Amino acid sequence: MLFRAIPYWLFAVAVIVTSLFSASPAAACSCAPAPDPVTALRQSAAVFSGKVLRVEEPVRMPFSSTPARIGFDVTFEVQTVWKGALQSQVLVVTSGLGGGCGIPFQPGDEYLVYASYWEHSDLETNICTRTTLLADATEDLQALGTGSAPLPPPPSSATDWTLPAFAGAVAVVFCVIALFLFYRQKSKRRR
């Protein structure tokens with residue numbers, strides 16, 4: 001009688017184990033309807049059109065105390081600015097694709113970007129904003145009107161060349177001292 005119950009017990013254990021290790025449901029990205037372009041402009045920290053130069057995954061540092069962000073760092077060459085003090089190049093963060101609501105930016109494509117500041121003070125955008133390919137942004141461009149040119153890049157600071165110049169000067173001084181000591185030692189041997 002005990003041997004007849006073993007298959008039922010094994011079946012019950014198998015059902016329990018598989019229910020514990022079954023896949024959890026995926027979290028999909030859901031967005032409220034996007035506001036009109038003027039409202040989106042008011043709600044965003046930066047609005048600009050630009051060309052994607054690079055799309056990179058952020059480097060995760062092992063044993064780092066800062067939480068890793070899952071997503072992509074997108075570098076834009078800014079063409080026109082409607083809001084925000086943006087320079088000719090800007091970095092925008094987008095979440096991971098799929099459930100992360102990220103935008104699949106492609107290098108070389110031009111976009112109209114609505115961005116807000118993220119928790120690490122980076123500009124961030126996602127599919128829940130009005131960000132879209134520039135070719136598909138006719139309604140937005142008409143509503144936004146004429147933008148302005150991006151700010152020029154900051155002048156290069158003295159620190160850009162100070163360290164290499166200092167290292168070069170130290171190397172020259174050491175060479176002069178070494179030559180002096182070499183010739184001094186050589187002249188002592190001749191006497």
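Here, residue 1 is the first one in the sequence, and each next residue gets the next number. Worth saying up front: this structure is predicted, and the values here are computed from it rather than measured.
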Asker: Roughly how far apart are R130 CZ and T39 OG1, rounded to 0.5 Å?
Answerer: 9.0 Å
Asker: Among residues at least two apart in sequence or on other chains, which ones pass side-chain contact (heavy atoms from CB on, under 4.5 Å) with S44?
Answerer: V47, Y114
Asker: My understanding is that only residues two or more places apart in sequence, or in another chain, count here; which of them pass side-chain contact (heavy atoms from CB on, under 4.5 Å) with T80?
Answerer: S49, W82
Asker: Listed by chain and number, what are the side-chain hydrogen bond (donor to acceptor under 3.5 Å, both in side chains) partners of E110, not counting sequence neighbours?
Answerer: Q79
Asker: Hydrophobic clustering (ILVMFWY, side-chain heavy atoms < 4.5 Å, transitive) - are L53 and V90 grouped together?
Answerer: no
Asker: Which pair of non-hydrogen atoms, one from N126 and one from C101, has the smallest distance, and what is that distance?
Answerer: CB-O, 3.0 Å
Asker: Check for me, please, whether F76 and L151 land in the same ILVMFWY cluster - side-chain distances under 4.5 Å, paths through other members count.
Answerer: no
Asker: Rounded to the nearest 0.5 Å, what separates atom OG1 in T94 from atom CG in L123?
Answerer: 12.0 Å
Asker: Calculate, to the nearest 0.5 Å, the distance between atoms OG1 and CD1 belonging to T125 and I103 respectively.
Answerer: 4.0 Å
Asker: Any chain of hydrophobic side-chain contacts (each under 4.5 Å) joining V74 to V81?
Answerer: yes
Asker: Could you check Y111 against F105 for ring-ring contact (aromatic ring centres under 6.0 Å, His included), going step by step and ending with a plain yes or no?
Answerer: CA-CA 9 Å; Y111 291 85; F105 289 109; 4.6 Å; yes
Asker: Have a look at D136 and tell me which of L134, T138, T132 forms a side chain to side chain contact (heavy atoms under 4.5 Å, CB included) with it.
Answerer: T132
Asker: Is it true that atom NZ of K51 has more than 12 heavy atoms of other residues, nucleotides or ligands lying nearer than 6.0 Å?
Answerer: no
Asker: Are F48 and V55 connected in the hydrophobic side-chain network, where two residues link if heavy atoms are under 4.5 Å apart?
Answerer: yes
Asker: Could you give the distance from OG1 (T129) to CD (Q43), rounded to the nearest 0.5 Å?
Answerer: 11.0 Å
Asker: Going only through I, L, V, M, F, W and Y residues with side-chain contacts under 4.5 Å, is there a path from Y117 to L91?
Answerer: no
Asker: Can you confirm whether the thiol sulfurs of C31 and C128 sit closer than 2.5 Å?
Answerer: yes
Asker: Looking at side-chain heavy atoms only, is the closest gap between P150 and Q89 below 4.5 Å?
Answerer: no
